[in-house]
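To find a chain, count down the sequence lines: A is the first, B the second, and so on, and within it residues start at 1. Just so it is clear, the values below take in all heavy atoms, side chains as well, and ignore hydrogens, waters and symmetry mates.
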Amino acid sequence: MTDGGDMVGTQVTLAGYAESVRGRGGVCFVMLRDGTGRIQAFLKRDAMDESVFESIQSSSRESTISVTGIVAQKRPPKTPEGVPAPPPEYEVSVSSAEILALAEAPLPVGVVDDVNVGLDVRLDNRHLDVRRAHVNAMFQLRSKVLQYGREHLIEEGFSEMNSPKIIASASEGGTNLFPMMYFDTPAYLSQSPQLYKQLAVLGGLERVFEIGPAFRAEKHDTYRHLNEFVSFDIEAAWCDDEDVMGVLERMIHSIWSRISADDQDLVDIINTYRHTQGLESVIVEVPELPFPRIPYDDAIKIVKEGGGDIEWGDDIESHHCDLIASKYPGFHFIPRWPMSMKPFYIHHKEGEMGSTGGQLSRGFDLNYGRDEMTSGGQREHRVEVLEQNLRDMDLDPDDFSFYTDGFRYGAPPHAGWGLGVARLLMVLTGAGNVREVVLFPRDRSRVTP
RNA sequence: GCCCCGAUGGUGUAGUGGCCUAUCAUGCAGCCCUGUCGAGGCUGCGACCCGGGUUCAAAUCCCGGUCGGGGCGCCA
C-alpha cells in the first residue's frame, strides 16, 4: 500500500479487519487493516445510507468490513504554534460499505490492546494472535526462511524428497516414538527422515533434502522442544562431514543474506513490538564464512577452563554450552565427537583419536550460542562396520536389519544433517520460545487447536 | 522423569488471615463531545482454578487434583 498521495480522487474498494471503530455522532472512523497495511476509512452519516452508516458505526473490533469511497487527504491535525505540520496522510472518504462478518465481543485476546497476553492464551486463540503485526511478521519470516533455504539447496544440486511419516519401526533410534495403529498393524509416527533419506541416496538420488515433520514422544518441557517439529534435512552422496557442514553454513549464510537484503521490513515490525516491551532490537547480522569449528576436544578444554565439571567422553550439557557460547556467541560447529557418544550409523575413521585416546566420530553439531540447531555427520556406509558398531553398543544387529539391509548392495559414502527450523527462527526473530514461531505447536500438554 | 514457582473480571495485574461489598489498566455496554488520530470526559458491567481441610473468620494457611511458567535431563 502506498501512502496514497498519488491516488487522491480515485474511487477504491477496500476490505479488511476493523482495528478500531470510533466516533458516535455524525461521523465514524474505521481503521481498516489487511495483510498489506492499514488505512483509515472516514464515514459521514449524511454522505451515505443511514442504516449502513449505523451498522458500521456499531460494529465490533476485528469485524471484516468492505468500504467503497474516494481517496482523500486527511484533515491535518491541529498543531500548536511553531510546531511544523506533520506530513499529509490519506484516507478513504466512504460512500458505501458492507459488513462482511461481524466479530463477537469481547475478543478473547486483544489484537492491539495495551496488555501483555500469556503465551498459552495466545496459542488457544492463535487465529487472532496472528493478526498482531509482529506475530504476523514472524510467520512471514518463517516462510522466507523455508523458501530461501529450499532455493539454496536446489542451487547446490539437491532435489526435494518426501519420506513416510507412518513407519513400522524406529528409523534412527534413541528416542521414544508415538505408537499408533496402521489398520491392524502396530506402527509409529516417524521421529526422523534419517533412514529414508539415506535409502534415497543409496538408490542413486545422490543429493536430497526434505522439509517435514518429525515426532518425538519425549516428555520434555523447555523453550526449545516440541513433540512435533519441522526439520530441514539433507543427505548427500560422496560427501563427508566437512562437505555437508559447508552446505549448512552456506545455506544459513544465504538465508541471512537474503533476509537482510529483502526482508528488513519484517524485522522492523518485530523490533517495533520489541521496543514496546523494553526488549532490544533483533539485528540480522549476516554471519561470516566459514563458521568457527570447535572440535569436541577443544570444546571440552573450553568448558574446563571456564570452570565446568566435565571429562572427555561426557556430553556437553546446556550449562557447558553457556561457557562455550561466551567465547563463540554466534553460529559454531562442534565436530569430531567421541564415537561412543554417537549413534551406530555415524562414520568414524580408524586412527582418529581424541586427546585421551578415544575413537572420534565424524558426527557434528551446529550451535548458535547455547542452543543446538543441527546435528549431523558422515554416515557409516560399510555394512560390516554398521553391524560391528551395533555390537559395540550392545545392540543386536538382527534387530536393526530394517536399517542395515539397505547397505548390502553397494553404498556410496555419504553425509547429512537435520536442522530445527523453529530453532533457526528463534535466532532470527529473537523469540524466546519455539512456540512463538510455530503456528500450532504440539507439546506435552497441547494438542489443540 | 527430576527440582522450583504460579493460578484473581474477556485480557494483563494489585492483594501475605478480619481493612475485600477485591485494586488498577485494558476490554465491553451506554451517554456526552468530537475530523477523531494510542482521541477525550462521565456512568455502568465483569473475577478469587477445582475438591477437601484448619479457623470465630480464607483470594490469603494446609492437603489432593487440574492447568500453566522456569530450570534440568534428552534432543532438532
Open item on the list: Mind checking if A/Phe232 touches a base, just sugar-phosphate, or nothing, with heavy atoms under 4.0 Å?
Closed with: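 No contact at all - A/Phe232 keeps every heavy atom at 4.0 Å or more from the nucleic acid.
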TODO: Scan A/Gly110 against the nucleic acid and name what it touches under 4.0 Å (heavy atoms): base, sugar-phosphate only, or nothing.
DONE: nothing
For [N], does either OP1 or OP2 sit under 4.0 Å from a side-chain N or O belonging to [X]?
X        : N      : answer
A/Thr222 : B/rC75 : no
A/Ser375 : B/rA76 : yes
A/Arg446 : B/rG68 : no

Tell whether [X] reaches the base of [N] with its side chain through a donor-acceptor pair below 3.5 angstrom.
X        : N      : value
A/Arg423 : B/rC75 : yes
A/His225 : B/rC74 : yes
A/Glu317 : B/rG73 : no

- [ ] Looking only at side-chain atoms of A/Glu91, point me to the closest of B/rG71, B/rG35, B/rA76.
- [x]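 Nearest to the side-chain atoms of A/Glu91, counting from C-beta on, is B/rG35.
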Open item on the list: From C-beta outward on A/Tyr223, which listed nucleotide comes closest to its side chain: B/rG35, B/rA76, B/rG71?
Closed with: B/rG71
Between [N] atom [atom2] and [X] atom [atom1], what is the distance in whole Å?
X        : N      : atom1 : atom2 : value
A/Asn125 : B/rG10 : CG    : C1'   : 10 Å
A/Asp124 : B/rC49 : CG    : C1'   : 15 Å
A/Asn227 : B/rA76 : CG    : P     : 14 Å

TODO: Indicate whether the side chain of A/Asp233 and that of A/Tyr196 have a donor and an acceptor atom separated by less than 3.5 Å.
DONE: no
Task: Test item: side-chain donor near acceptor, A/Glu249 and A/His253, under 3.5 Å - done: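 Side chains of A/Glu249 and A/His253: no pair found under 3.5 Å.
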Task: Whichever of A/Val109 and A/Val27 has its nearest RNA chain B nucleotide further upstream toward 5' - done: A/Val109
- [ ] For A/Phe29 and B/rG35, say yes or no: do the ring centres fall under 5.5 Å of each other while the ring planes differ by less than 30°?
- [x] no
